[in-house]
Amino acid sequence: MIKRISRLISASANAVVDTVENATPQLVMEQATREIDEAIADVREQLGKVEAAKYLNAKALNDENSRHSALVEQIDIAVKSGRDDLAEAAIAKQMDIEAQLPVLEKAIVENDAEMQELNAYISALQGKKREMREQLREYAKASEHSANGVIGDGLGSSRRTENQVEQATEAFNRVLERAGVPASRSCADANKLAELEELARNNRIQERLAKLKSGA
């Protein structure tokens, strides 16, 4: 979506620069401001989705923390009752939750960062719209003077507009690259690693159970 906004702004900027020399900037700028309004609406919609995602992630994090705390008490009861099988199952669930907590915490941090970025885009778009309106007023005055026989520096005005819209366009081209694709592994290697992880997991379960029993 952000790339689409960048294309809209770039297209509007190029249209303004190209049309200035044809002495019809007003219509182009009016169209550009309409496109900016549409872009702002798109960003606000995306911002709402990110805010909703953050709410869900925060709720999930709170729920998982509550489940983890409840399991602590359940494990203690199982150990005191001599039900190692139940204690092992609860410990395994605890470890699953512990693996999920950092992921949820990271997701919330990323949500915050994306919200900040989207709010910055909205501010930049609104600033760009104010620039366009100011330029529209300037060209209206220039057209009025030209109609009255006052000759202005058309080339200088065109260059000034070009510089301004290029600066605005650059602000929207700074889109963060999303990476993080894991390297591919062979099927055999993946199976061996999965088996190794399972052995390590079972070992950690037994270690935690032994620690709990020794302190019980």
Side-chain angles (χ1 to χ4, degrees), residues 1-6 38-126 171-187 189-216:
M1 186 196 68
I2 299 301
K3 289 183 178 180
R4 172 179 172 270
I5 293 171
S6 181
E38 293 175 1
I40 291 174
D42 289 341
V43 178
R44 289 192 186 280
E45 181 181 357
Q46 180 63 21
L47 179 60
K49 293 178 181 179
V50 176
E51 288 174 342
K54 180 186 175 182
Y55 170 79
L56 293 175
N57 286 328
K59 184 177 183 301
L61 179 63
N62 183 65
D63 291 345
E64 292 301 314
N65 276 319
S66 297
R67 291 175 62 195
H68 189 278
S69 298
L71 285 168
V72 172
E73 182 179 354
Q74 294 171 8
I75 292 170
D76 183 59
I77 294 173
V79 171
K80 290 179 179 179
S81 301
R83 294 296 304 273
D84 288 1
D85 56 328
L86 297 180
E88 289 179 5
I91 290 172
K93 187 59 180 176
Q94 260 192 340
M95 292 172 64
D96 288 340
I97 293 174
E98 290 165 2
Q100 295 173 31
L101 294 180
V103 177
L104 291 170
E105 291 169 351
K106 182 181 179 182
I108 292 172
V109 171
E110 290 176 348
N111 291 150
D112 284 332
E114 187 172 1
M115 287 167 58
Q116 183 177 356
E117 182 181 10
L118 290 170
N119 279 314
Y121 276 116
I122 291 173
S123 297
L125 283 164
Q126 290 171 336
F172 298 103
N173 287 333
R174 293 193 292 267
V175 180
L176 296 177
E177 292 293 335
R178 297 295 192 270
V181 179
S184 60
R185 297 171 178 169
S186 68
C187 182
D189 288 343
N191 290 335
K192 290 179 181 179
L193 288 174
E195 183 179 358
L196 180 60
E197 288 173 359
E198 183 64 22
L199 287 173
R201 173 185 168 82
N202 291 334
N203 185 58
R204 291 197 300 271
I205 291 174
Q206 294 299 324
E207 287 178 350
R208 187 178 296 192
L209 177 59
K211 184 177 179 180
L212 288 169
K213 293 178 70 174
S214 64

Locate the shortest heavy-atom distance separating [X] from [Y]; write the atom from each residue and the value.
X      : Y      : answer
Asn57  : Ala107 : ND2-CB, 3.6 Å
Ala99  : Pro102 : O-CD, 3.5 Å
Ala90  : Ile75  : CB-CG1, 3.3 Å
Ile205 : Ala92  : CD1-CB, 3.8 Å
Ala78  : Ala87  : CB-N, 3.7 Å
Asn111 : Val50  : O-CG1, 3.5 Å

Is there a side-chain contact between [X] and [Y] (heavy atoms, below 4.5 Å)?
X      : Y      : answer
Lys211 : Arg208 : no
Lys54  : Glu114 : no
Leu209 : Val79  : yes
Val109 : Glu105 : no
Lys93  : His68  : no
Val72  : Gln94  : yes
Gln74  : Leu86  : no

Rounded distance (nearest 0.5 Å) linking atom [atom1] of [X] with atom [atom2] of [Y]:
X      : Y      : atom1 : atom2 : value
Lys49  : Leu118 : NZ    : CG    : 11.5 Å
Ile40  : Glu38  : CD1   : CD    : 10.5 Å
Asn202 : Met95  : CG    : CE    : 8.5 Å
Leu101 : Glu64  : CG    : CD    : 6.5 Å
Ile91  : Gln206 : CD1   : CD    : 8.0 Å
Ile122 : Asp42  : CD1   : CG    : 10.5 Å

Residue pair Glu207 / Asn203, side-chain donor-acceptor N/O under 3.5 Å: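 Judged by distance alone, the side chains do pair up.
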Asn65 side-chain N/O to Leu61 backbone N/O, donor-acceptor pair under 3.5 Å: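 Checked: pair present.
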Audit row: Lys80, Asp76, side-chain contact (heavy atoms from CB on, under 4.5 Å) steps and yes/no: CA-CA 6 Å; Lys80 290 179 179 179; Asp76 183 59; 3.2 Å; yes
Asp63 and Arg67 ion-paired at < 4.0 Å: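 No, this pair does not count.
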